[in-house]
Number of protein chains: 2
Amino acid sequence: MKRNSRLSSTLHILVHMAEEPGHALTSEQLATFIHTNPVVVRRTIAGLRDAGIVTSSRGHGGGWLLGRAPEAISLAEISAALGETLLPFSTEPESPGCLVEQAVIAVLDDFRIAAERLLAEKLSRITLADLTADFRRRYDLIGVSSHAI
Amino acid sequence: MKRNSRLSSTLHILVHMAEEPGHALTSEQLATFIHTNPVVVRRTIAGLRDAGIVTSSRGHGGGWLLGRAPEAISLAEISAALGETLLPFSTEPESPGCLVEQAVIAVLDDFRIAAERLLAEKLSRITLADLTADFRRRYDLIGVSSHAI
DNA sequence: CTTCATGTAACTTAATTAGTTACGATATGC
DNA sequence: GCATATCGTAACTAATTAAGTTACATGAAG
């Protein structure tokens, strides 16, 4: 799992889970999908459990399940549950007292807040069900879902 | 200069330059504004020179000047010249051949492209002049522009 | 009571970026 | 022409962050 691919890796995992409703998948199985190891998976999606997007159970036959229907899980929630910042730039002061910096930060912060709201709004309109539907289209066309390599 | 603060640090520098039109500032002077060293400044704003946002000259009395009026320099150009990605998440394939991943990346990429366009459009409406105006408002109110600490 | 699974802490490794040193190229002023 | 000031850039070092790994405790199922 590369850097900065937590969102797409998590979506990858969730679509696989959505494709096997009712069947718990283990961290180990999920890890193979995104070519990493079970602990990284657990750590990555721990926040999704807290948000009710997935549930986990221990012991024999345990593993991970979607917490609700794919139609009711938006990318905005997923992204938020991962604790990802949509915008990468910092607006932390580094020169307290400098009015130039204060002006820069004020403008940049306004932009950041508006942009984040905008992006979250766009992401809230895309659901896991949209992803599975897109997957199904590809699957019906090509007929393979191999995990070669 | 902290991580992820290249945009705000660069804006900080540019506003200082805008506040002294016609007077070249050295990398060393610019570096003190953002608490770093001259080489980091040169490296950071090298792209702005290529984009015509600033000009640099060597030798005695040399340094950095704005390449055009603050009204004609938008944050979109600055951000682009810094080579920053507005959105931090990756959409690079990691499991070639997996249709689930392909579906995820397709949807995410559509979103990314639309979002980037949207953000760039918003940033293109904010100019350096807006920042200097904001600074002047603060300055007129408080009357200090010290760089204490 | 053994096995399988998650939860999590602690550590190691890898990647990225800022910071630093060094020096060549170039422009100015004496 | 020579001393000085400045950028341009390569090469290295240090700091930070995130992924990967190991280890083990906890809990559920048969």
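Below, read A as the first sequence line, B as the second, and so on, with proteins coming before strands; counting in each chain starts at 1.
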Is it the case that the side chain of A:T32 and the backbone of A:Q29 share a donor-acceptor pair, with hydrogens and angles ignored and the cut-off at 3.5 Å?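 The answer is yes, because a donor-acceptor pair under 3.5 Å joins these two groups.
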
Determine whether a donor-acceptor pair (N or O, by modelled atom type, separation under 3.5 Å) exists between the side chain of B:E101 and the backbone of B:E94.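 Checked: pair present.
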
Whole Å only: how far is the [atom1] atom of [X] from the [atom2] atom of [N]?
X     : N      : atom1 : atom2 : result
A:I45 : D:dA19 : CD1   : P     : 14 Å
A:N4  : D:dA18 : CG    : P     : 9 Å
A:N37 : C:dT6  : CG    : P     : 12 Å
A:E84 : D:dA18 : CD    : C1'   : 12 Å
B:E28 : D:dA5  : CD    : C1'   : 11 Å
B:L30 : D:dT6  : CG    : P     : 12 Å
B:L25 : D:dA5  : CG    : C1'   : 15 Å
A:M1  : C:dA15 : CE    : P     : 15 Å

Which donor-acceptor pairs under 3.5 Å do side chains of residues 39-56 of chain A form with protein atoms, sequence neighbours excluded?
unit_1, atom_1, unit_2, atom_2, d
A:R42, NE, A:S27, OG, 3.1
A:T44, OG1, A:V40, O, 2.6

Mapping B:T44 and A:T26 to their closest nucleotides on DNA chain C, which lands nearer the 5' end?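 Its nearest nucleotide lies further toward 5', so the answer is A:T26.
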
Tell me every residue that passes salt bridge (charged side-chain N to carboxylate O under 4.0 Å, His left out) with B:R125, counting only those two or more places apart in sequence or in another chain.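 Salt bridge (charged side-chain N to carboxylate O under 4.0 Å, His left out) list for B:R125, sorted by chain: B:E121.
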
In chain order, what residues pass the side-chain hydrogen bond (donor to acceptor under 3.5 Å, both in side chains) check against B:R68, with sequence neighbours excluded?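 B:R68 satisfies side-chain hydrogen bond (donor to acceptor under 3.5 Å, both in side chains) with B:E77 once adjacent residues are dropped.
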
Test side-chain hydrogen bond (donor to acceptor under 3.5 Å, both in side chains) applied to B:E116 - qualifying residues, sequence neighbours left out: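 Scan of B:E116 (side-chain hydrogen bond (donor to acceptor under 3.5 Å, both in side chains), adjacent residues dropped) gives B:R112.
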
Its contact letters, B for base, S for sugar-phosphate only and - for none at protein heavy atoms under 4.0 Å, make nucleotides 8-16 of chain D read BBBB----B

If you look at every strand shown and take non-hydrogen atoms under 4.0 Å, does B:G62 touch a base, only sugar-phosphate, or nothing?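 Here B:G62 touches the backbone only, sparing every base.
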
For A:G61, answer base if it contacts any base atom (sugar-phosphate contacts may also be present), sugar-phosphate if it contacts only those atoms, and nothing otherwise; contact means non-hydrogen atoms under 4.0 Å.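 Contact class for A:G61: none.
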
Among residues at least two apart in sequence or on other chains, which ones pass side-chain contact (heavy atoms from CB on, under 4.5 Å) with [X]?
X      : answer
B:L118 : A:L118, A:K122
B:E19  : B:V15, B:T132, B:F135, B:R136
A:S8   : A:S5, B:V104, B:L108

Angle, rounded to 10°, between the helical axes spanning five pairs at each terminus of the helix from C:dC1-D:dG30 to C:dC30-D:dG1?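 Comparing the first five pairs with the last five, the axes sit 10° apart.
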
